[in-house]
Amino acid sequence: MIVTREMARQAITTRIQSLKATFSPYAVAVEYDNMNTVNRATQSNPFLGVTLAYIDGMQINLGPDSQHRPMGTLVLEAWDKEGAGTARMNALLDHFYRGVQMTDSMAPVRTHAARFASKRTPEQGWIAQSALIPFWYDSE
């Protein structure tokens with residue numbers, strides 16, 4: 001079976017949605033890549049941003065039907081209002097990144113351990129903490 005980028009996106013989205021259902025402090029909003037679904041002017045709770053950034057690829061075998069291994073980074077960003085501190089962002093990020101790192105249970109996608117980053121420049125009055133999770137899948 002040929003594995004597509006859309007299949008990989010759907011596998012990750014399905015996992016994020018299942019983690020969303022188990023987050024109990026509040027009904028968390030999730031904003032996916034290229035979908036502006038969170039109105040930052042009216043949003044009061046932290047929210048999660050999810051982006052797939054493809055960064056590399058490699059040929060994984062030789063021959064006329066050689067396979068391709070797309071690789072990228074799953075970026076999970078916990079956003080909260082500037083000046084609100086980091087505790088709520090950290091709780092949100094901890095819940096989600098632990099459910100998608102170091103796993104092969106999101107077939108066809110596999111992931112490595114998370115790395116972390118912070119956005120110090122506010123965007124529309126919001127600040128983000130990020131988990132950067134390397135992922136890959138094989139084309140067949």
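What you see below is based on every heavy atom in this structure, not just the backbone, and it leaves out hydrogens, waters and symmetry mates.
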Phe47 ring center near Tyr26 ring center (under 6.0 Å): no

State, yes or no, whether a side-chain contact exists between Ile55 and Thr73 at a heavy-atom distance under 4.5 Å. yes

With a 4.5 Å limit on heavy-atom distance, are the side chains of Val3 and Asp138 in contact? no

So, do Arg88 and Asn45 sit near enough that their side-chain heavy atoms are less than 4.5 Å apart? yes

For Leu48 and Ala78, the nearest pair of non-hydrogen atoms, with its separation, is CD1-N, 4.3 Å

Enter the distance from His112:NE2 to Leu74:CG here, rounded to the nearest 0.5 Å. 13.0 Å

Please answer: with hydrophobic residues joined when any side-chain heavy atoms are less than 4.5 Å apart, are Phe116 and Met102 in the same cluster? no

Between Glu31 and Val38 (side chain of the first, backbone of the second, donor and acceptor by atom type, cut-off under 3.5 Å), is there such a pair? yes

Rounded to the nearest 0.5 Å, how far apart are OG1 of Thr13 and CE of Met106? 10.0 Å

If only side-chain N and O atoms count, and only distance matters, is there a donor-acceptor pair under 3.5 Å linking Gln67 with Ser139? no

Would you say that Pro25 contacts His95 through its side chain, given a criterion of any heavy-atom pair below 4.5 Å between the two side chains? no

Gln101 side-chain N/O to Ala114 backbone N/O, donor-acceptor pair under 3.5 Å: yes

Under a 3.5 Å threshold, yes or no: a donor from one side chain and an acceptor from the other, between Thr103 and Arg15? no

Is there a donor-acceptor pair closer than 3.5 Å between any side-chain N or O of Thr111 and the backbone N or O of Val100? yes

What's the spacing between Ile12 CD1 and Met7 CE if we round to 0.5 Å? 12.5 Å

pair Asn34-Tyr32: side-chain heavy atoms closer than 4.5 Å: no

Is any side-chain heavy atom of Phe96 closer than 4.5 Å to one of Val28? yes

Nearest atoms (heavy-atom pairs only) where Pro134 meets Arg115: CG-NH1, 2.7 Å

Closest non-hydrogen atom pair, Ala11 against Pro108: CB-CD, 4.2 Å

Could you check if a side-chain atom of Tyr54 sits within less than 4.5 angstrom of a side-chain atom of Pro70, using non-hydrogen atoms only? yes

How about Asp33 and Val50: do any of their side-chain heavy atoms sit closer than 4.5 Å? no

Any donor-acceptor pair under 3.5 Å from Thr86 side chain to Met89 backbone: no

Could you tell me which non-hydrogen atom of Pro46 sits nearest to which non-hydrogen atom of Trp126, and how far apart they are? CA-CZ3, 4.4 Å

Within 45° cone of Tyr137 ring axis and under 6.0 Å: Arg110 NZ or CZ: no

Lys/Arg cation over aromatic Trp79: Arg40, 6.0 Å, 45° cone: yes

Nearest heavy-atom pair of Pro122 and Glu82: which atoms, and what distance? CG-OE2, 3.2 Å

